[in-house]
K.L.:
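Sharing a structure here in structure tokens format.
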Amino acid sequence: MANYCFPNLKANIENLKKKDKDYLTGHEGCVELFCKDCDFFREDERDLECGAFKLLKKLMDNKIITPEDIFNVVSD
């Protein structure tokens, strides 16, 4: 992760921390957390889900990771 520092997520982390946990663990919140820094993300195709999104969402649904874990990882 040396050169890739998730600039969008880092720029929006404080706003995302204020969001309701149900939002952050839902589809739209996961798009905010996982997708916006992806080279393949397109605002007009927010419903498409890649394999990484599906895996991260499943980990979130099963409470293996939390939004706070994501915030901590990109803040390190």
Side-chain angles (χ1 to χ4, degrees):
M1 193 166 73
N3 291 332
Y4 194 75
C5 62
F6 304 96
N8 183 71
L9 182 54
K10 281 185 172 181
N12 293 306
I13 216 164
E14 291 306 316
N15 290 331
L16 288 170
K17 284 181 178 181
K18 296 174 187 173
K19 300 275 186 177
D20 182 76
K21 193 165 197 159
D22 288 338
Y23 171 80
L24 290 174
T25 57
H27 180 81
E28 283 300 312
C30 285
V31 168
E32 298 289 325
L33 290 170
F34 308 140
C35 301
K36 288 212 166 179
D37 283 305
C38 180
D39 293 337
F40 303 107
F41 178 73
R42 290 186 45 188
E43 196 66 49
D44 61 335
E45 294 182 359
R46 294 175 70 96
D47 291 332
L48 295 177
E49 298 176 356
C50 71
F53 177 90
K54 290 176 184 178
L55 176 62
L56 289 165
K57 177 84 169 82
K58 189 148 188 90
L59 290 170
M60 191 97 74
D61 290 344
N62 289 320
K63 298 180 179 20
I64 295 168
I65 63 171
T66 66
E68 291 80 17
D69 293 328
I70 304 298
F71 299 146
N72 290 338
V73 166
V74 299
S75 296
D76 288 346

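Counting from 1, the numbers follow the sequence of the chain as shown. Not measured: the values here are computed from a predicted model.
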K.L.:
For the residue pair L16 and I13, establish whether any side-chain heavy-atom pair is separated by less than 4.5 Å.
P.N.:
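No - every pair of side-chain heavy atoms lies 4.5 Å or more apart.
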
K.L.:
CD1/I70 to CG/L24 distance, rounded to the nearest 0.5 angstrom?
P.N.:
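Going from the CD1 atom of I70 to the CG atom of L24 covers 10.5 Å.
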
K.L.:
Rounded to the nearest 0.5 Å, what's the gap from CG on L33 to CZ on F6? Could you check?
P.N.:
11.5 Å

K.L.:
So, D20 side chain and D22 main chain: donor-acceptor pair closer than 3.5 Å or not?
P.N.:
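Flag set: sc D20 to bb D22 pair under 3.5 Å.
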
K.L.:
So, do P67 and M60 sit near enough that their side-chain heavy atoms are less than 4.5 Å apart?
P.N.:
yes

K.L.:
To check you understand the geometry: which heavy-atom pair defines the closest contact between V74 and L9, and what is its length?
P.N.:
CG1-CD2, 3.6 Å

K.L.:
For the salt bridge (charged side-chain N to carboxylate O under 4.0 Å, His left out) test, which of K19, K21, K17 pairs with E68?
P.N.:
K21

K.L.:
Please find the pair of heavy atoms, one from K57 and one from F34, that lie closest to each other, and give the distance.
P.N.:
N-CE1, 4.0 Å

K.L.:
Measure across D61 and T25 and return the closest heavy-atom pair with its distance rounded to 0.1 Å.
P.N.:
OD1-O, 4.0 Å

K.L.:
Give a yes or no on whether K58 atom NZ has more than 12 heavy-atom contacts from other residues, nucleotides or ligands under 6.0 Å away.
P.N.:
no

K.L.:
Before accepting this row, confirm whether a basic side-chain N of the pair E32/K36 lies closer than 4.0 Å to the acidic partner's carboxylate O.
P.N.:
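A salt bridge is present here (some side-chain N lies under 4.0 Å from a carboxylate O).
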
K.L.:
To check you understand the geometry: which heavy-atom pair defines the closest contact between L48 and E45, and what is its length?
P.N.:
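Looking at all heavy atoms of both residues, the closest pair is CD1-OE1, 3.1 Å.
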
K.L.:
Using the side-chain contact (heavy atoms from CB on, under 4.5 Å) criterion, which residues pair with N72? Sequence neighbours excluded.
P.N.:
none

K.L.:
Could you pull out all residues at least two apart from C35 that satisfy side-chain contact (heavy atoms from CB on, under 4.5 Å)?
P.N.:
V31, F41, F53

